[in-house]
Amino acid sequence: MTSLPSILGGLDPTSDRAVFRQIADQLREAIDRGRFKEGEKLPSEAELVEHYGVSRMTVRNSFSILQGEGLVHAEHGRGVFVRPRPPVRRLASDRFARRHREQGKSAFIVEADAAGSHPTVDSLEVKEEKAGQDVSTRLGSVRRVLARRRRYLLDGRPVEFATSYLPLDIARGTPIAEPNPGPGGIYARLEELGHQLDHFEEEIRARMPTPSEVKTLRLAPGVPVIHLIRTAFDTAGRAVEVCDTVMAADAYVLSYQLPAT
């Protein structure tokens, strides 16, 4: 590692800014400028104590700030590391292209392939249930739905949790109601059932996670989630699926192509 004086400056004793915040500022700047690379270990508490002439608690408070911002994560017994940048580019204009379904690939598999990652799915649950008010409204006032819940992982790391809701008159007794709906996923099965997909509508917002989401996605402190609700429509204008997805915000880049006219 390059010597700390060449990477990190000194403290400003005339500043009104607290010492631990000054240290956090310098570490943040070094990360932003690439002096500490993704996945690289930051200087240890002992090294920073020696460099700045401060207490261990001051250094720990500085690390806490960076953890709260989602820039670093701590590994017990190993140290504090720079958090990797989002590995998956979610290209809205391409992820649901019919050619992917015809190749037997779901959107998640397409994105994982592009990122060079190994995709897996777990925590799968498929059951019939009463539709919540929002889902019922989006699906045209249906009363009961088939719900498909699953967690997606890349290289063993949980990155999103999604629940698809489909009208029972479409999904009951079909491969969609099976744990593995087959190549191309449920959208391929919908089209085989005569519901050719026409377009999707998505609503996206960023927020802090619930305790349950922190546990399910194994989120580090300070990492927000992207909450996305997508409705799929067939060529007859019927809403055939609502998908409620919560994604780890540090795992994705959302990419859009918009027309200029």
Side-chain angles (χ1 to χ4, degrees), residues 70 73 83-92 95-96 100-101 105-115 117-139 144-167 171 175-182 184-190 200-232 239-255:
H73 68 280
R83 182 174 292 280
R85 302 298 183 185
V88 180
R89 182 168 294 274
R90 186 180 184 276
L91 183 59
R95 67 190 314 262
F96 296 125
H100 298 318
R101 296 194 292 278
K105 293 184 176 182
S106 66
F108 184 67
I109 291 177
V110 171
E111 292 166 347
D113 288 347
S117 298
H118 175 65
T120 53
V121 179
D122 70 3
S123 303
L124 182 65
E125 178 186 52
V126 183
K127 67 176 185 177
E128 296 182 8
E129 64 185 38
K130 181 180 179 181
Q133 182 175 350
D134 182 67
V135 169
S136 176
T137 299
R138 293 174 187 270
L139 289 176
R144 294 186 63 79
V145 292
L146 179 78
R148 295 182 55 89
R149 294 180 174 86
R150 63 275 190 200
R151 184 175 67 166
Y152 295 98
L153 301 89
L154 290 177
D155 299 324
R157 176 198 171 188
V159 292
E160 68 177 81
F161 184 83
T163 304
S164 287
Y165 302 96
L166 301 102
I176 295 173
E178 299 297 324
N180 182 357
I186 62 174
Y187 289 156
R189 304 292 82 75
L190 282 168
F200 302 88
E201 295 180 359
E202 293 188 340
E203 298 176 5
I204 303 172
R205 65 189 179 105
R207 59 173 173 78
M208 296 308 294
T210 66
S212 174
E213 291 165 349
V214 169
K215 181 178 180 180
T216 299
L217 296 175
R218 302 178 196 162
L219 298 173
V223 176
V225 293
I226 300 168
H227 188 185
L228 183 151
I229 299 178
R230 178 178 65 253
T231 306
V240 294
E241 182 232 20
V242 170
C243 187
D244 190 325
T245 303
V246 176
M247 299 179 284
D250 63 342
Y252 284 93
V253 171
L254 305 186
S255 180

If you look at every heavy atom in [X] and [Y], which pair is closest and at what distance?
X: P209; Y: P224; answer: CD-CA, 4.1 Å
X: A131; Y: V145; answer: CB-CG1, 3.8 Å
X: V159; Y: L217; answer: C-CD2, 3.8 Å
X: V246; Y: E213; answer: CG2-OE2, 3.6 Å
X: A249; Y: V223; answer: N-CG1, 4.4 Å
X: I176; Y: I186; answer: CG2-CG2, 4.1 Å

Please check this pair: side chain of [X] against backbone of [Y], looking for a donor-acceptor N/O pair closer than 3.5 Å.
X: R138; Y: T231; value: no
X: D244; Y: I229; value: no
X: R151; Y: T216; value: yes

Apply salt bridge (Lys or Arg N to Asp or Glu O under 4.0 Å) to E128 and list each qualifying residue two or more places apart in sequence or on a separate chain.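 Once residues adjacent in sequence are excluded, the partners of E128 under the salt bridge (Lys or Arg N to Asp or Glu O under 4.0 Å) criterion are R172.
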Straight-line distance of [X] [atom1] to [Y] [atom2], nearest 0.5 Å:
X: H118; Y: L154; atom1: NE2; atom2: CG; value: 9.5 Å
X: E201; Y: R230; atom1: CD; atom2: CZ; value: 12.0 Å
X: R148; Y: E178; atom1: CZ; atom2: CD; value: 9.0 Å
X: Y165; Y: R149; atom1: OH; atom2: CZ; value: 4.5 Å
X: I226; Y: L254; atom1: CD1; atom2: CG; value: 4.0 Å
X: R150; Y: T120; atom1: CZ; atom2: OG1; value: 14.0 Å

Out of R205, E160, E202, which one pairs with L228 under the side chain to side chain contact (heavy atoms under 4.5 Å, CB included) rule?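 In the set R205, E160, E202, the residue that makes a side chain to side chain contact (heavy atoms under 4.5 Å, CB included) with L228 is E202.
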Using only heavy-atom distances, determine whether the side chains of E241 and S164 contain a donor-acceptor pair under 3.5 Å.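 Side-chain D/A pair, E241 to S164: present.
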